[in-house]
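Before any comments, here is the structure.
What's counted below: heavy atoms across the whole structure, side chains too, no hydrogens, waters or symmetry copies. Per chain, numbering begins at 1; letters A, B, ... match sequence-line order.
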2 protein chains.
Amino acid sequence: MNRLIQKEINRENLLNQGVMLLMQQGYHGTGLQEILDAVQIPKGSFYNYFGSKENFGAEVIEHYITPYIQQITNYLAQPDTDALSALQRYFNESIAELERTHFKGGCLLGNLIGEIGDSSDLCRVALQTTLNRYRDVLQSGLSKAQQQGTIRTDKSARDMADLLVNTWQGALLRMKVEQSTAPLQQCCQALLGDFFKA
Amino acid sequence: MNRLIQKEINRENLLNQGVMLLMQQGYHGTGLQEILDAVQIPKGSFYNYFGSKENFGAEVIEHYITPYIQQITNYLAQPDTDALSALQRYFNESIAELERTHFKGGCLLGNLIGEIGDSSDLCRVALQTTLNRYRDVLQSGLSKAQQQGTIRTDKSARDMADLLVNTWQGALLRMKVEQSTAPLQQCCQALLGDFFKA
DNA sequence: TTTAATGATACGACCGGTTGTCTTATTTTG
DNA sequence: CAAAATAAGACAACCGGTCGTATCATTAAA
């Protein structure tokens, strides 16, 4: 009994550490040993939890997005704030966090798409579905904002959410290279604060 | 004398092959041996041409952008087409090319920022200056379009060029994951065809 | 209830292969 | 011949993955 619980704990620890290291050092730039050392789990155990590094990568990708979706959902659920403000609050909070961590990492999804999007179909599909989940929650927020009259209705919430996701990803790359959150602020200002406005 | 020419040829070949392989397989995903095999240059010679893999990477980055800047400049220089049309033509041509190559690679700059933007300062700076060069040429095109009255003047060409670069980068990532050029088309339509319009 | 058997899981030494780099020998050039 | 450029191969470190064995909880038998 205790055995299964420990297994889940170990899996979770590996995934969390995997998110951190893969985000900062990339897929091929991070060895399994480095992840295993960090969570004090022997090499042999890894293959009991995950079938391969590629499988692990795909699980890390799906594991990564959960807290972000949770955060947006929470902001959107608050009754005293309108949807547009909730989205802006989420992005501002993200920007503040990235500034705190000195722009390290950026977005695991964007980083891995660029690195292994061509070579690992398994990870590519994981990235696709994960990014779509992220888009969906933004879309629901934009849709709510349309109903509240703060976002224009002549464009679909879906299209705007896609554009927002893409521009945000590009801005995150630019942030890493410029060591500044200015691109992120520009992204929010131009889209949420201007182009998407009702 | 013949010797120096051959050295330049070898360097050029290595850089060209480096662009291709680094773009598709990433920095850590591509070994020196693979590049050297492709251009039939012995491993020992590599360090005569480049001091290290990291140095090579930085040179590959700067080598990569040249043809793109050339292409945009050429389109912009054509007397019979206005600047906005020239930019649209460039992006449409890029989209067609990516479709031809089945979305493989995307943009070397975006891919490498995500992968090694955090870990190699040398490459980060190379990526920064290279991306700025790209932004600058787009900015000059937008500025010209402003003078021609096809692009709005209440936003600076600089800001719009930055936004365009970032959204384009994000759209390229999305393209890789979706295996579709739809995000690229959306990027051009939303910005050049709508948001930036006079 | 105690004991024996069983199968799932944990483990770390080990595999062949590859990495980026460097030293040394050879070849080419002036 | 001296000097510089090139190439060959060695090098240790590391990679992802495998394997036989050890460990443990659980079930079956006594």
Side-chain angles (χ1 to χ4, degrees), chain A residues 1-15 17-22 24-61 112 115-116 118-124 126, chain B residues 1-15 17-22 24-61 112 115-116 118-124 126:
Chain A
M1 184 53 62
N2 207 332
R3 197 75 167 233
L4 287 179
I5 298 176
Q6 188 59 44
K7 173 167 179 172
E8 269 319 299
I9 292 176
N10 286 346
R11 269 183 62 97
E12 181 92 359
N13 285 343
L14 282 170
L15 288 174
Q17 196 65 39
V19 164
M20 199 142 52
L21 290 175
L22 289 188
Q24 291 189 19
Q25 311 183 342
Y27 181 83
H28 288 113
T30 307
L32 293 182
Q33 198 60 59
E34 191 175 358
I35 303 172
L36 293 161
D37 287 349
V39 294
Q40 301 264 54
I41 288 177
K43 182 88 170 275
S45 300
F46 178 85
Y47 286 87
N48 294 325
Y49 301 145
F50 308 94
S52 68
K53 189 189 186 184
E54 191 183 9
N55 258 304
F56 175 69
E59 286 210 43
V60 165
I61 288 163
L112 289 192
E115 185 183 356
I116 55 172
D118 287 325
S119 45
S120 165
D121 248 57
L122 184 65
C123 289
R124 204 203 83 238
Chain B
M1 184 54 61
N2 206 332
R3 197 73 167 214
L4 287 179
I5 298 175
Q6 187 59 42
K7 175 166 180 172
E8 269 320 300
I9 293 177
N10 285 346
R11 271 183 61 96
E12 180 92 358
N13 285 343
L14 282 171
L15 287 174
Q17 196 65 37
V19 164
M20 198 141 54
L21 290 175
L22 290 188
Q24 290 187 21
Q25 311 182 342
Y27 181 84
H28 288 113
T30 307
L32 293 181
Q33 194 62 63
E34 193 175 358
I35 302 172
L36 291 161
D37 286 350
V39 294
Q40 301 263 53
I41 289 177
K43 189 167 188 175
S45 302
F46 178 83
Y47 285 85
N48 298 321
Y49 302 140
F50 307 95
S52 68
K53 188 188 185 185
E54 191 183 9
N55 258 303
F56 175 69
E59 286 210 43
V60 165
I61 288 163
L112 289 192
E115 184 183 356
I116 54 172
D118 287 325
S119 44
S120 166
D121 247 57
L122 183 66
C123 289
R124 205 203 82 239

Please report, to 0.1 Å, the donor-acceptor pairs under 3.5 Å made by any side chain of residues 27-35 of chain A, with sequence neighbours excluded.
from: Tyr27(A); atom 1: OH; to: Glu54(A); atom 2: N; distance (Å): 3.2
from: His28(A); atom 1: ND1; to: Glu115(A); atom 2: OE2; distance (Å): 3.4
from: Thr30(A); atom 1: OG1; to: Leu21(A); atom 2: O; distance (Å): 3.4
from: Thr30(A); atom 1: OG1; to: Gln25(A); atom 2: OE1; distance (Å): 3.4
from: Thr30(A); atom 1: OG1; to: Gly26(A); atom 2: O; distance (Å): 2.8
from: Gln33(A); atom 1: NE2; to: Asp37(A); atom 2: OD1; distance (Å): 3.0
from: Glu34(A); atom 1: OE2; to: Gln25(A); atom 2: NE2; distance (Å): 3.2

- Item | N/O (side chain, Ser45(B)) to phosphate O (OP1/OP2, dT6(D)) under 4.0 Å | no

Value in whole Å for how far the [atom2] atom of [N] lies from [atom1] of [X]:
X	N	atom1	atom2	result
Asn48(B)	dC22(C)	CG	P	13 Å
Phe46(A)	dA13(C)	CZ	C1'	18 Å
Phe50(A)	dG16(D)	CZ	P	15 Å
Tyr49(B)	dT21(C)	OH	C1'	17 Å
Lys53(B)	dT21(C)	NZ	C1'	12 Å
Asn55(B)	dG20(C)	CG	C1'	13 Å

- Item | Neighbours of DNA chain D within residues 25-44 of chain B, by heavy-atom distance under 4.0 Å | Pro42(B), Gly44(B)

- When you measure from the side chain of Arg124(A) to the backbone N and O of Asp118(A), does any donor-acceptor pair fall under 3.5 Å? no

Can you name the nearest heavy-atom pair linking [X] to [Y], along with the distance?
X	Y	result
Lys53(B)	Tyr47(B)	N-OH, 4.4 Å
Ser52(A)	Asn55(A)	OG-N, 3.1 Å
Cys123(A)	Ala58(A)	SG-N, 3.9 Å
Asn13(A)	Val39(A)	O-CG1, 3.6 Å

- Query: Are side-chain heavy atoms of Leu14(B) and Leu36(B) found at a separation under 4.5 Å?
  - Reply: yes

- Message: What's Phe56(B) touching, base or sugar-phosphate or nothing? Going by heavy atoms closer than 4.0 Å.
- Response: nothing

- Message: Using a 4.0 Å heavy-atom cut-off, does Tyr47(A) contact any base of the nucleic acid, only the sugar-phosphate backbone, or nothing at all?
- Response: base

- Message: What does the 5'-to-3' dot-bracket notation of DNA chain D look like when only Watson-Crick and G-U wobble pairs under 3.5 Å count, and pairs to other strands show as |?
- Response: ||||||||||||||||||||||||||||||

- Rounded to the nearest 0.5 Å, how far does CD of Gln17(B) lie from CD1 of Ile41(B)? 10.0 Å

- Residues Phe56(A), Phe46(A); criterion side-chain contact (heavy atoms from CB on, under 4.5 Å); working and verdict: CA-CA 9 Å; Phe56(A) 175 69; Phe46(A) 178 85; 3.6 Å; yes

